[in-house]
Number of protein chains: 2
Amino acid sequence: METNKKRSECPLSCSLDVFGDKWSLLIIRDLLFFKKGTYNDFLKSEEGIATNILASRLKALEENGIIEKSAHPESKAKNLYRLSKKGIDLLPIIMEIYIWSDKYFNMPQEIKEIIKEAKNDKDKFVKQIIKELTAE
Amino acid sequence: METNKKRSECPLSCSLDVFGDKWSLLIIRDLLFFKKGTYNDFLKSEEGIATNILASRLKALEENGIIEKSAHPESKAKNLYRLSKKGIDLLPIIMEIYIWSDKYFNMPQEIKEIIKEAKNDKDKFVKQIIKELTAE
DNA sequence: TATTTGCACTTGCAATTTGCAAGCAAAATT
DNA sequence: AATTTTGCTTGCAAATTGCAAGTGCAAATA
């Protein structure tokens, strides 16, 4: 995936050049909500991303400053991927996607509950997630 | 573009199956903000979508209930594409993308001004756009 | 210590999708 | 009547995706 060719100066278009594909936001979702952080964590997600695609997306997200790669504190064999500030700031976008989904898709009751809570006080929800992420 | 295979039950994943690509949200942007409505309007957008890709995206968006195709009131040669309620409801997502862009990309001052206004009172901005769209 | 397993990838290749150019029929304009 | 516009479709090369297999190092197990 090419990371350096802008189609236009439109901010929306530039943003889509960064995360406008079927996989990037799912990786970011895993980082935001499911405490995932290693290559294998992402591979195991239920959507079943192919290993080469995962590698290319992680590389692109890193090059675009959305995630940061570091050594895993518990094992030399592992790497740890974390969201940068820029990546964490994608949370409001993802929340709005969830809120839209809630209106137009069926989904498990448990997820519905979480969305309800998030919708009720968006700022509080965002702050809570950020707190959890930065506490680690 | 296949429109009917879900990768998982995750609402975010399902949403990305609908609009998670480099072009769909740009078409929706044109409909939301730039009063575009015909095939040629979309073709002329500065990002330069290929004609076959445009056709496939319009078809997929229609199948997914995001847009509706109708006869153009002024010409039999033209069609008119409009956003459905479901499509208009994507506005908050797109607004959050603009707000994120505002933080991390350079962009024309004029767009910055609009984003500032939108950020100031999101609900008011959304209502204003909806009003303009439904007045037609 | 030797061997197996886990982790983070890379490589090869077929299938799908994209992007470009050309073509086309119906409607509108000259 | 001839030309242009509109909304597509078609053909084809190039790029991207998805699947399977392989690699090299670290860590766990025998």
Side-chain angles (χ1 to χ4, degrees), chain A residues 1-8 13 16-27 30-31 34-64 67-82, chain B residues 1-8 13 16-27 30-31 34-64 67-82:
Chain A
M1 199 182 190
E2 287 302 332
T3 147
N4 49 353
K5 39 175 118 149
K6 263 193 195 179
R7 291 174 295 169
S8 78
S13 161
L16 292 174
D17 288 340
V18 173
F19 57 77
D21 68 87
K22 298 247 177 293
W23 296 109
S24 296
L25 287 183
L26 296 183
I27 295 170
D30 288 349
L31 286 160
F34 303 130
K35 312 260 182 209
K36 298 194 173 185
T38 68
Y39 194 89
N40 246 291
D41 287 343
F42 304 127
L43 260 195
K44 277 182 233 145
S45 288
E46 59 172 343
E47 289 83 12
I49 189 170
T51 174
N52 54 338
I53 305 296
L54 176 58
S56 84
R57 286 306 175 283
L58 289 172
K59 184 161 173 271
L61 288 171
E62 200 186 354
E63 280 170 6
N64 283 304
I67 61 174
E68 287 154 10
K69 186 181 181 174
S70 59
H72 197 284
E74 287 163 18
S75 159
K76 274 191 191 173
K78 294 182 188 179
N79 289 321
L80 190 63
Y81 291 95
R82 271 173 305 181
Chain B
M1 199 186 192
E2 288 300 333
T3 145
N4 49 354
K5 40 174 117 151
K6 264 192 192 179
R7 290 173 295 168
S8 77
S13 160
L16 293 174
D17 288 339
V18 173
F19 57 78
D21 69 88
K22 297 246 177 295
W23 296 109
S24 296
L25 288 182
L26 296 183
I27 295 171
D30 287 349
L31 285 159
F34 303 129
K35 312 259 182 210
K36 298 196 173 184
T38 68
Y39 193 90
N40 246 289
D41 286 344
F42 303 127
L43 259 193
K44 276 182 234 145
S45 288
E46 61 173 340
E47 289 84 11
I49 189 169
T51 174
N52 55 339
I53 305 295
L54 176 57
S56 84
R57 286 305 175 283
L58 288 172
K59 184 162 173 270
L61 288 172
E62 201 186 353
E63 282 171 4
N64 283 305
I67 61 175
E68 286 153 12
K69 187 181 182 173
S70 58
H72 197 285
E74 286 165 19
S75 160
K76 275 191 190 173
K78 294 182 186 177
N79 290 320
L80 190 61
Y81 292 95
R82 271 173 305 182

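Each chain gets a letter, A, B and so on, in the order the sequences are listed, and its residues count up from 1.
At dC7(C), none of the side-chain N or O atoms of Tyr81(A) fall inside 4.0 Å of OP1 or OP2 (strictly under the cut-off). Not one side-chain nitrogen or oxygen of Thr51(A) sits closer than 4.0 Å to the OP1 or OP2 atom of dC9(C). A close approach under 4.0 Å does not occur between any side-chain nitrogen or oxygen of Lys76(B) and OP1 or OP2 of dA25(C). For dT16(C), neither phosphate oxygen OP1 nor OP2 lies less than 4.0 angstrom from any side-chain nitrogen or oxygen of Lys5(B). In this model, the phosphate group of dT18(C) is not approached by any side-chain N or O of Trp23(B) to a distance below 4.0 Å at OP1 or OP2.
The side chain of Ala77(B) lies closest to dA28(C), out of dG7(D), dA28(C), dC8(D). The nucleotide whose nearest atom lies closest to any side-chain atom of Ala50(A) is, among dA8(C), dC19(D), dA27(D), dC19(D). You'll find that the side chain of Asn40(A) is closest to dA8(C), out of dA8(C), dT6(D), dC8(D). Here dA27(D) is the nucleotide among dA8(C), dA27(D), dG7(D) with the atom lying nearest to any side-chain atom of Ser75(A).
Here the C1' atom of nucleotide dT6(D) and the CG atom of Leu80(B) are 14 Å apart, to the nearest Å. When rounded to the nearest whole Å, the span between CD of Glu47(A) and C1' of dC19(D) equals 18 Å. Taking atom CZ of Arg57(A) as the reference point, atom P of dC9(C) lies 15 Å away to the nearest angstrom. Rounded to whole Å, the distance from OH on Tyr39(B) to P on dA27(C) is 18 Å. Taking atom CD of Glu62(B) as the reference point, atom P of dG7(D) lies 14 Å away to the nearest angstrom. Distance CG (Leu54(B)) to C1' (dT10(D)): 16 Å, rounded to an integer number of Å. Atom C1' of nucleotide dA8(C) and atom CD1 of Ile53(A) are separated by 16 Å, given to the nearest angstrom. Distance Leu43(B) CG to dG7(D) C1': 9 Å, rounded to the nearest Å.
A distance of 9.5 Å separates CZ in Phe19(A) from NZ in Lys22(B), rounded to the nearest 0.5 Å. The CD atom of Glu47(B) lies 3.5 Å from the OG atom of Ser8(A); values are rounded to the nearest 0.5 Å. Taking NZ of Lys59(B) as the start and CG of Asn64(B) as the end, the distance is 11.0 Å to the nearest 0.5 Å.
Between Ala55(B) and Glu74(A), it is Ala55(B) whose nearest contact on DNA chain D lies nearer the 5' terminus.
Among the atoms of the strands shown, only primed sugar atoms or phosphate atoms (P, OP1, OP2) are found under 4.0 Å from some heavy atom of Lys69(B). Residue contacts shown for Lys44(A) are absent, as no nucleic acid heavy atom lies under 4.0 Å away.
Counting distance only, with no hydrogens placed and no angle test, the side-chain atoms of Asn52(A) and the base atoms of dG18(D) include a donor-acceptor pair under 3.5 Å.
The backbone N or O of Tyr81(A) lies less than 3.5 Å from no partner atom in the side chain of Tyr39(A), so there is not a single donor-acceptor pair. The main-chain N or O of Phe42(B) is never found under 3.5 Å from a side-chain atom of Lys36(B) such that the two would form a donor-acceptor pair.
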Checking side-chain contact (heavy atoms from CB on, under 4.5 Å) for the pair Leu16(B)/Leu25(A): CA distance, chi angles, key distance, verdict?
-> CA-CA 8 Å; Leu16(B) 293 174; Leu25(A) 287 183; 4.0 Å; yes
